[in-house]
Structure formats: C-alpha cells, structure tokens
Amino acid sequence: MTKKLLLIDGNSLAFRAFYAMYQQLDRMVTPEGLHTNALVAFNNFLESIVLPMQPDFALVAWDAKSGKETFRGDLYADYKSGRDKTPVEFKEQFPYLREMVLAHGLHNYEQNGLEADDIIGTLSREGEKAGDDVIIITGDQDLTQLATDKVTVKITKKGVTQIEEYTPAYIQEKFGLTPAQIIDKKALTGDTSDNYPGVTKVGEKTALKLLTEYHDLDNLYAHVDDMKKSKMKENLIADKEVAYRAQKLATIITDADLSISLDDLAYNGPKTKGLVELFESLHFKSALAKLKAHQLVGQDDTSVEDAESQSANFHPVKELDEAALADLAKADTLAIQIDTDADNYHTADMLAFAIGNDDLGYFASRDFTWFENQTLRDLIENPEQKLRLFNAKEVWVLMHRLDLTLAGVDFDFMLVAYLLDTVGNDNVLSTLAARFGLYLPADEDFYGKGAKFFVPTDDQEVFDHLGHKAEALYGLRDKAFEELAEHKQTDLYHDIELPLSFVLAKMEAQGFAVKEDRLEKMGQELDEKISQLKEEIYQIAGEEFNINSTKQLGTLLFEKMNLPVIKKTKTGYSTAVEVLEELAPQAPIVSHILEYRQLAKIKSTYVDGLLAVVDQADQKIHTRFLQTLTQTGRLSSVDPNLQNIPMRTEEGRKIRHAFVPSHPNWLIFGADYSQIELRVLAAITGDPNMKKAFMEDEDIHAETARAVFGLKADEPVDANHRRTAKAVNFGIVYGISDFGLSKNLGISRKDAKSFIETYFKEFPKIHGWMEQIKEQAHKDGFVETIEHRRRYLPEINAKNFNRRSFAERTAMNSPIQGSAADIIKIAMIKVDQALTKEGLQAKMLLQVHDELVFECPKEELEQVRKLVTSVMDSAVSLSVPLKVEDHAGPTWYEAK
DNA sequence: GTATTCACG
DNA sequence: ACGTACGTGAATACA
C-alpha cells in the first residue's frame, strides 16, 4: 500500500501561528510569564490538520538556528537581511514548539547550513522515489516549486487551520506556471522578503509574460539577442548574472546530505503522557480537558500509547432500582444530575437522570416515572438531604414540572464556578470541572449539537455519562467551597446567589400573562404602516430593494444618491440611527427609513417574537434569567428577553399593554431604584458633595450641573446644563473618557476634558476612588463589589492601549454596576421572604436591573407597595439612602 | 458563524 | 500616538 509522508515547514507555520493569534498575545501568558499564542495555534494545527491525516512518516523541519550560514548567505551577503527582528515573545516559544512536535508523535529536524525548505525538498524527492504520497504543509508559497503528481503542497491561508492545496494542475490554473517555472519567475523578479533582487524593472506581470513566451530562463537568455530593442531587453542582458544568482537562491535543494532517512520518521500517533505533561506545564486547560475527556469516552484507538485510564477512577454507574433507591433515601448527601435535550428547561424533554454518592455509588435511569415514586419524591423535597448539583434553578423548574419542590441544595457548582471566575465561565460542567483537574466528556461531544443532537441508543452509555457528571459534582464541592472561602465569597454564595436562584426559579415558573389578541392587533396595525412606508420608500428611491439590508441601503444612500458618508463599519457604510439622523435633513427618504426601521423592529422582535413564545397551556411567557452569565453580576434574560421590552418611544411602549396580571381584578405593580448606580458611587467613594445631594434628595443631575457650571445653590439650572451634567454622570459610571463624553454630547474633546476636570475638582473623592480602583486592578488583576463579587481583568496590564484602557474603564464600572446588582438581588430575596411571611398573594414576575415587577390583587396593592418599597430601600445599609419609586396599573404599560 | 442594528438598564 | 463610553439579547442579512 502507498505510504503517506508528511513534511511540515516548522518555521513558516510557527510564524503564521504567532501572528494568527497576535491580538491575543497579552492574554495568553502562563503564570511563569511565557507567551503561548503561537503554541496554542500550533497545537490547534497539529490537532485539526495533522492528526486526521494519519501519515506513516512525519517530520517537522526547522531552519538552522544560525540563519545566515547557509550556502545562500555565501552566495549573496544580504540574503534575508533587513528583516524585522524576531519578537522575543515569539522566540521564547521555540523550545516548547519542538517539545510539542515530539509529544504529538512527530519528529523534528534541522541541520546547519540548510533551511527548512531544503530539508523538505530533499525528503520529498526521497519519498517520491520510494513511491510514497508526499504532503508538504507550509505557509510559504515558494514551496509550490516542489509540487509533482506525487507531491502535494498545502499552504495555510488565514491562520493555520485553513489550507489550500497546490497540485501541479492547480498551480498551472492559478499562476499559469509549472512548478519549475516558479523558480524562474523568482529569478526574474527577485524576492523582497528574502531581500534579493532580480532583473531591474521586471515584476510579476513582465515575468509571467516572458515565461509564457520563452518557457524558462535558459531559453530566454538563449534568445535574448533576438528580442526587439527595448529598455527591458537591456535590463535583461545587464542583469543576467543577477537573474542566475536569484535562480540559485530561489531553488530549493532536493539533494542535500541529511543525517536522517525516511525510516527515521515513522509516525505512531500522539504520545498522551507527553502531551499531558506539556499541556500542564503550558497551562493549556482546554486542550488538557479535551485530551482527558477523549480518553474517558474511550474514543482512543491505537494512536494513543500508554493512555492512563482515568475512567477507572469513576464508580460504575448502575441502573436505578428499588433497593438502591431505598439506600439513597437514607443518605445525608447526594449528587444529582438531569440531562435534557435542549437549553430551555421550561419546554425541553428530560432525557435521563443520575443520583448517588461516593459511598453508595451512582445510579441512573431514563424512566422519569421514577419521580412518581414516593421515596424519590421525599428525597427531592427533603431539606435535610443535602444535594450537590449543577444549576439549581434549572433542576428546581424541572422538578416543578414533575410537581415537586426541590429543597436541600447545598452545592450548585454552576453558581460557585461563576462567582469564582466570571471570565472563564462558560456554564459547561465539563470545562468548569477541568479547572479543578477533573475531566469529563463535554455534552456537546457526547450528544452532538444542533441538527446532529443524538442520544446514544445504548442506555448504559447514557447512564455512564450522567453518573460521571453526578460523581464529579459530588467530588468538586469541598475544593470549590474552599476557593470560595479564599475569595471571601462564602456569604455571597449562601446568602445571595443560592437563595436567589430559587426566587428566580419561582418567577420563571410563574410567568407573565400576555394578551395575545392585543399583540395580534398591534401586529396588524404595524403591518399596514410598514407596507405603506415601504411603498413610499420605493417610490422615492425609484426602485425596490431590501430596506433591511444595510448593504443595499448603503448602496442607495451613498452611491446612487451620493449622500455624504458619515461613518464606516469594517464591511462598508454605516447606516446606524445616528448616521441616518444626521442625513435626514438632506433627503426625505431617510426619515421614512428611520420610521420603517423602528416599526419593523417592534413588529419582528416584539410582536412576532413574543407571540412565538407564549406558552399555549397558560397564555404566559416564561423567560429564563441567566444568573451566571454577565461579567458584572447582573442577570440577563433569554427566550425571550423580557429585560428589553420597549419603553423609550410611545410606539414601542405600547407593547407593554399586552403584559397583564394573570387574574381578573389584579394589577401590575412596579418598583424601581432611583439613581441606584450614582448612589452606590457616592457611597463607595464617600464623596461628601455627592452624598449631600442624595441625603437631601436633590435632583442629582441638576446638582451636578450646579457644581460643574459653578451655579449658586438656589440658582435655576437650565435644561442644557442639566443634560450635559447628566451625560457626565453617565460617563463617570461607565469609566469616563473625554473621547466618549465628547462623542455623546457632540462637543469637542477639549471641552469634554475640561468638564471632567471640573467634575473631579468638585467631587474629589470620586476622582481619588477612580485612581485607586485602577491601581488596585493593576496590582490584583481583579476588582470587587460591596458583596465581594469579583471580576478579573486579564487585560489590565496589556501592552495594547485599547485593551488596557478598556480594562481600566471596566475596573471603574464593574464595582458600581455590580454593587447595584448585589443590592437588588438582596432585595429580591427579602421581598420574596416578606411576601411569603405576610401571606400575600402577590407574585414577583420580573427583575429589570434596577426595577422589580409584580402582579397582585387590587386589595393587596397598598400593603404590597409599602412592603416592597421598604424592603428595597433598606436592602443594604449604605452611607447614602436608597430611593424607590413605584407605579401600578392594569397592565405593565401603566406600571412604570 | 459573523456583522450590523437596535431594544433595555 | 493610540481611538472607546458600561452591561445585555434578538432579528436580519450575507458569506
């Protein structure tokens, strides 16, 4: 059988790898200070390109370390000179690249006096002679000269994992040249990157023309005297020696004397132990996780030698039976895992569950009628039996669907992992467990994703998958709690996040009642207006086009109508609102487009979008709050997002008319914190001027205007001053920059800068805090909220100005936004407890960052109002009062 | 899958 | 000199 020989151009690929991930250079550093971007990309290359090839022989060729001492350097002193110095961040990765090659089961080779090309050239001819199929992988087009019917040259394009295949036929098609002519083309043109010249004034085009006519360099010079008189002819004759020197420089050696032969290059697959050690030393968490998980699933074949069988460390997983359940029912502590076939646990099908602990073992089943069994029901509802799981909120809702109330949760690994590190959190058990050195196959690998989702037909495989997850959860608890304690986050977890997850679960299960007919009627009215606008737009444009396409709209406005280009995106013209608003006075079509956009958005996202997710069983919308997603501690809301229902425009706000109480004679009640972020800022900075404004319950933006514009205490503040001051306050909360403020206010950067300076003079402690929090971030690498919620800022010390600046603004914003999030979370837990304690029927439905929405019987309104507002404004004790405003009405429209 | 736009706090 | 305001999710177009 034909053997496969793989030859890799190490230097050119490593170089590509380094620059492919150059943007991430600052982020990819080991604790020891080693940059790993090229290593990561090179590893991806080896895994995704080399591994699947399964060659019989494989070699990575490297340039000799002393680059100049090749015959090419002797031939031309300036060969490859004038190149930029190799960055140290790249150089330091070289030794590890070679180790990586070995660990992946390939061989390294380099030889004094030779470049990687020459090694590859020589071995490719040897392989060809031996009848092998030869594959060369490189980032350098020069190697295409080696292509033959048996030798394919693969060149990476864009990074190192996308590849273009060069066969002689493809080279002919693409360049119009044979592989040998590629050398002669360079003889004529020279090579700027290797810094040697060709014939004067001959470039790509001329060379191609000459080679088409004369085929090769020798033939060209044999006939050069017959050429018509021209400057080019003179140049060719004058530079004949230069051309032949360039030809030699460009020719890859194919008969070098190497101290290895093909037989030394046998490839037997990756060396698992070596890879594990390397990945550990390089802190390649995800590669390590993948590797170990791979072993666990048992997908390893002979290509992996001495695989340590980690799966032996897991208990066997048995099918649940009565006897086992009886034992489990007596246990104090258990881990539980339930798998579903989709993310949305309100509607997903439950696939299987596993339960157990290290003493009793792990048991699983695909039969959910087990949850009709009283022993299991009692276990789920018993607060004394401590459960360890992943995503308590999800499990609560799933149990709720089975008419059970989950109790006794002690350890929710998803919450804990989020609190420990929001940055690395992906809400996936397998990757989070890997951070603790515990390796599991990922659900995506086990089930597949999207259209390829498939539950293995072998139940035992499924039982193992779930059982191992349960066992991982059981084992992770102590170590994870220990880290929580080190972060001083134990209270944050026990007193805030864990109780909150049940409050949220109840809110989600409760749902928000929706009048579908109101949405439908709005939809019809919108449709009419939208088609009218569409007609008018087509009329003015003089043609029909897709108004939703920014590309087509851009062509119309900026090419056909020649309107001025205000802003560009990376793919073309920007047609965003601020651009269109600026253009509107110049062309009447633009205001029509703006109106069309607004209405189309309302129709598609809100009318159609919401109608599509109304639960037909109860005419309610059940969102999911993501509790472990945002970097600041806020919640987010999906499927649908009920935290961005329109409010700012009347047209959009009407959507809220469709959100109603779930019972007749009930009301929607909303309570929101007034200026919570600025109050938090005043409290944590302790700035006396800002605190005073809040303690005296002044209009904060007006007071800011007085301070910044030097007005007297009783002087009236004009609207413009107040607007400016408000923008400055916003800017302060976002981590101010003069650029951002100037853009927002449409003023010069100089003016913006002077506003900020005056602001900091008037509120000196705010300035002091801003400086201090940045310094702390630089020192610690993270910032914290009032409840010790932590946000790491991996780019706080980046060399790249943009990335570093962004991290610094984040350092200022996160403690403010995050502390506000802490406060409303505490309030939610307390409100929930108080409503229960008072025996009220009112239900909390939504949280929108600084606002809570309830439904309650009309008769309860006054009591609920007092209870909610008082709990909210006393949720935490700050040196600044919290203020709560409230509204009530028959629909959500009126309750804000 | 990425980019753009726009809805909210 | 650098060139961005902070935090989200969903719809649509387009490759």
Side-chain angles (χ1 to χ4, degrees), chain A residues 422 449-450 545-554 567-580 593-594 596-610 612-613 623-626 629-649 651-653 655-656 672-677 681 727-745 749 752 756 783 791 798-818 820-821 824 846-853 896:
Chain A
T422 56
K449 63 168 174 176
F545 67 103
N546 187 345
I547 310 171
N548 293 323
S549 161
T550 51
K551 204 175 164 205
Q552 292 178 36
L553 183 60
K567 201 172 102 184
K568 292 196 123 193
T569 66
K570 57 178 133 175
T571 53
Y573 313 110
S574 170
T575 65
V577 182
E578 53 294 4
V579 173
L580 297 189
I593 291 165
L594 279 166
Y596 170 89
R597 279 248 181 102
Q598 203 205 4
L599 300 184
K601 170 90 180 180
I602 296 170
K603 174 70 165 52
S604 67
T605 304
Y606 298 105
V607 175
D608 297 345
L610 290 174
V613 291
T623 185
R624 280 180 300 137
F625 290 106
L626 304 187
L629 181 132
T630 70
Q631 296 301 304
T632 54
R634 276 191 176 180
L635 302 176
S636 85
S637 158
V638 292
D639 271 354
N641 181 359
L642 290 186
Q643 290 182 321
N644 73 346
I645 303 301
M647 177 70 192
R648 292 168 191 170
T649 68
E651 281 289 347
R653 191 172 173 171
I655 292 287
R656 294 178 178 227
D672 64 285
Y673 281 114
S674 163
Q675 306 295 351
I676 188 168
E677 290 188 344
L681 178 68
V728 176
N729 278 330
F730 265 92
I732 292 291
V733 169
Y734 292 158
I736 195 109
S737 76
D738 52 9
F739 185 90
L741 183 65
S742 72
K743 199 167 137 236
N744 188 284
L745 282 174
R749 243 173 99 170
I756 295 167
V783 290
R791 178 173 185 176
K799 279 192 280 296
N800 180 309
F801 174 87
N802 270 332
R803 292 165 182 277
R804 189 176 64 250
S805 303
F806 182 71
E808 285 172 351
R809 290 196 296 277
T810 311
M812 297 184 270
N813 171 265
S814 290
I816 304 170
Q817 193 183 110
I824 195 163
L846 293 181
Q847 185 250 47
V848 193
H849 311 307
D850 64 356
E851 171 195 5
L852 298 176
V853 181
K896 175 72 206 246

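Just so it is clear: chains get the letters A, B, ... in the order the sequence lines come, proteins before strands, and each one is counted from 1.
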Reckon [X] touches a base, only the sugar-phosphate, or nothing at all at heavy-atom distances under 4.0 Å?
| X | result |
| --- | --- |
| Glu677(A) | nothing |
| Leu629(A) | sugar-phosphate |
| Arg749(A) | base |
| Gln552(A) | sugar-phosphate |
| Arg597(A) | sugar-phosphate |
| Asp850(A) | sugar-phosphate |
| Gly735(A) | nothing |
| Phe739(A) | base |
| Ser737(A) | base |
| Val848(A) | sugar-phosphate |
| Ser814(A) | nothing |
| Ala820(A) | nothing |
| Ile816(A) | nothing |
| Asn546(A) | sugar-phosphate |

Pairing residues for [X] by the salt bridge (Lys or Arg N to Asp or Glu O under 4.0 Å) criterion, not counting sequence neighbours:
| X | result |
| --- | --- |
| Asp738(A) | Arg749(A) |
| Glu851(A) | Lys896(A) |
| Arg624(A) | Asp639(A) |
| Arg809(A) | none |

Residues at least two apart in sequence or cross-chain that pass side-chain hydrogen bond (donor to acceptor under 3.5 Å, both in side chains) with Thr422(A), listed by chain then number, are Gln631(A)
With sequence neighbours left out, the residues meeting side-chain hydrogen bond (donor to acceptor under 3.5 Å, both in side chains) with Asn800(A) are none
Per nearest nucleotide of DNA chain C, the residue lying toward the 5' end, Asp608(A) or Ile736(A), is Ile736(A)
[Y] side chain reached by [X] side chain, heavy atoms, under 4.5 Å:
| X | Y | answer |
| --- | --- | --- |
| Leu642(A) | Leu610(A) | yes |
| Ile824(A) | His849(A) | no |
| Arg597(A) | Leu553(A) | yes |

Practice prompt. Taking atom P in both dA3(B) and dA5(C), compute the distance separating them and give it to the nearest angstrom.
Written response: 16 Å
Q.
If I pick the P atom on dT4(B) and the same atom on dT4(C), what distance separates them, to the nearest angstrom?
A. 13 Å
Taken in chain and number order and not counting sequence neighbours, the residues that satisfy side chain to side chain contact (heavy atoms under 4.5 Å, CB included) with Ala727(A) are Leu741(A), Asn744(A), Leu745(A)
Sorted by chain and number, sequence neighbours left out, ring pair (Phe, Tyr, Trp, His ring centres under 6.0 Å) with Phe806(A) holds for none
5'-most to 3'-most nt of DNA chain C touching chain A (<4.0 Å, heavy-atom partner on protein side) reads dC2(C) to dA15(C)
With a 4.0 Å cut-off (strictly under) to non-hydrogen atoms of chain A, the first and last hit nts on DNA chain B, 5' to 3', are dA3(B) to dG9(B)
Note: contacts of residues 634-643 of chain A with DNA chain B (heavy atom, under 4.0 Å) are Arg634(A), Gln643(A)
Base-paired stretches in DNA chain C with three or more consecutive Watson-Crick or G-U pairs, both distances under 3.5 Å, amount to B:1-9 with C:6-14
Practice item. For atom CZ of Phe730(A), decide whether the heavy atoms of other residues, nucleotides or ligands shown that lie under 6.0 angstrom number more than 12. Key: no
